[in-house]
There are 2 protein chains.
Amino acid sequence: MSMHEPAVPELPERKLRPARTNATKQRLFDASMELIGERGAAGVTVDEIAAAAGVSKGTVYYNFGSKSDLIAQLLRHGVDIMLGRLQTIEGLHADPLEAMEAMLGQAMDFMDDYPSFARLWISENWRTPSEWGKLFVELRSELLAVIGAAIEKVATTYTVDTGIARGSLEAAMFGAIFVVGLDRQTYNPERTREQSIAAIMTIMRGYVLR
Amino acid sequence: MSMHEPAVPELPERKLRPARTNATKQRLFDASMELIGERGAAGVTVDEIAAAAGVSKGTVYYNFGSKSDLIAQLLRHGVDIMLGRLQTIEGLHADPLEAMEAMLGQAMDFMDDYPSFARLWISENWRTPSEWGKLFVELRSELLAVIGAAIEKVATTYTVDTGIARGSLEAAMFGAIFVVGLDRQTYNPERTREQSIAAIMTIMRGYVLR
DNA sequence: CTAACCGAACTGACCAGTCAGTTCAAATAG
DNA sequence: CTATTTGAACTGACTGGTCAGTTCGGTTAG
């Protein structure tokens, strides 16, 4: 049960300057991911975030325009990392089902490394007139596209149940991934990574006809 | 897109008195379910809840000891209704897979009727040192028990993949149910009830060996 | 090499507004 | 007559956001 976000795999250096500011932003990301993941966006104060990042409140507003903006960038940041992880398996597996399994493994590992992001995502995603509604639509579709592509490959290689709507299937996978992952972290840490992957793969096995 | 909680199917009248107070409590439940489902527990004020229920703030504190207590009772209330719905199919289907399908139908209908509860549940469920942590553990296990029982019947009637851990499978079902349901409401209202059920049933079809 | 300089990055006290929670006398309804 | 509700007042803590002032690292002139 480690529970600390690891350093990010190096975002592109922006200009010449932001030696300090990049590090600061990173620490603000880490701190706010942790806190917001635990208590929700509305439950965390900017003061707390600043304190946790070892930075003054003013610095938060120097680096981000507002609390809302910080969270928006946080979401973008987290999704970028997750997308990166999911795409590492690209072209490594001949069998689409194996590829899917590897992808689920990446997803589970991501959730181990960034548990707070998963919580943040799931707790803010379906708020109705959300401040970040537009952003969620965009990020969601990026994530679903990756899952959808993996399903697509399965569908072209195997005979699948064409009666199942693709969109609903993606949503089911998505939901299973997040909830199985979060449940494991929060309530059942004894469950293994492989157990979890196997349970989610059940969906794909039910999709493929034999 | 209706989005209004219908009247509750009559909870047992408590004593003799609470003719007025029961109605008041009900309206407070409805109002807070709506608001908290939309903006989260921390994002809603007691004043707002009182106003939305058409009741004074004092009444909230007369009927509930605190905001926290209100939310706890709200969770209990919602889970009771959901449990009631899921159990209506009890013994109506000879085939466990049909029973499961009927149960998923009940779950989808519940989410249509109480969309805000689903949002409330999913957004507060995995908060780490949650104020309602103990309560969530209890309510969660009640819900999972019902799903688990339905899976159990499938497992005794059909030949299933015993390599799949029961707990993880329940979690996968649970996650698929909520996310498919919420996604349909929030982002894809054009998806049908049956489409959604079919997608979730994929899990069970993958679990059963043929 | 070094001292003066510059602007980006950061600080923390401060503000005006909001919050949950409490109380209570008066009104109302069963 | 009594349980319930009202609505308003009050508190003390906390909120997001602002801003005048300070620090820092790198650049440049001498």
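Every chain is numbered from 1, with letters handed out A, B, ... down the list of sequences.
Using bins of under 30°, 30° to 60° and over 60° for the plane-to-plane angle, the ring pair His77(A)/Phe29(A) lands in the parallel bin.
Computed from coordinates, the Leu28(A) CG to dC10(C) C1' distance equals 11 Å when rounded to whole Å. At whole-Å resolution of the value, CD1 in Ile36(B) and C1' in dA20(C) are 13 Å apart. Between Tyr61(A) atom OH and dC14(C) atom C1' the separation is 14 Å, expressed in whole Å.
Comparing Ser56(B) and Ala42(A) against DNA chain D, the residue whose closest nucleotide sits nearer the 5' end is Ser56(B). A residue-by-residue look at Glu48(A) and Gly58(A) shows that Glu48(A) has its nearest nucleotide of DNA chain D further toward the 5' end.
Side-chain polar atoms of Arg127(A) and Ser123(B) form a donor-acceptor pair below 3.5 angstrom.
Interface remark: the Lys57(B) side chain does form a donor-acceptor pair with the dG21(C) base, using a distance-only criterion of under 3.5 Å.
Across all strands, Thr45(B) comes closer than 4.0 Å only to sugar-phosphate atoms, never to a base (heavy-atom distances).
When distances are taken from the side chain of Tyr62(B) to each of dA3(D), dG16(D), dT11(C), the shortest belongs to dA3(D).
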Please step through side-chain contact (heavy atoms from CB on, under 4.5 Å) for the pair Glu170(B) and Met173(B), ending with a clear verdict. CA-CA 5 Å; Glu170(B) 289 172 6; Met173(B) 286 286 290; 5.7 Å; no
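One finds a side-chain N or O of Asn63(B) lying less than 4.0 angstrom from the OP1 or OP2 phosphate oxygen of dT5(D). At dG21(C), none of the side-chain N or O atoms of Ser66(B) fall inside 4.0 Å of OP1 or OP2 (strictly under the cut-off).
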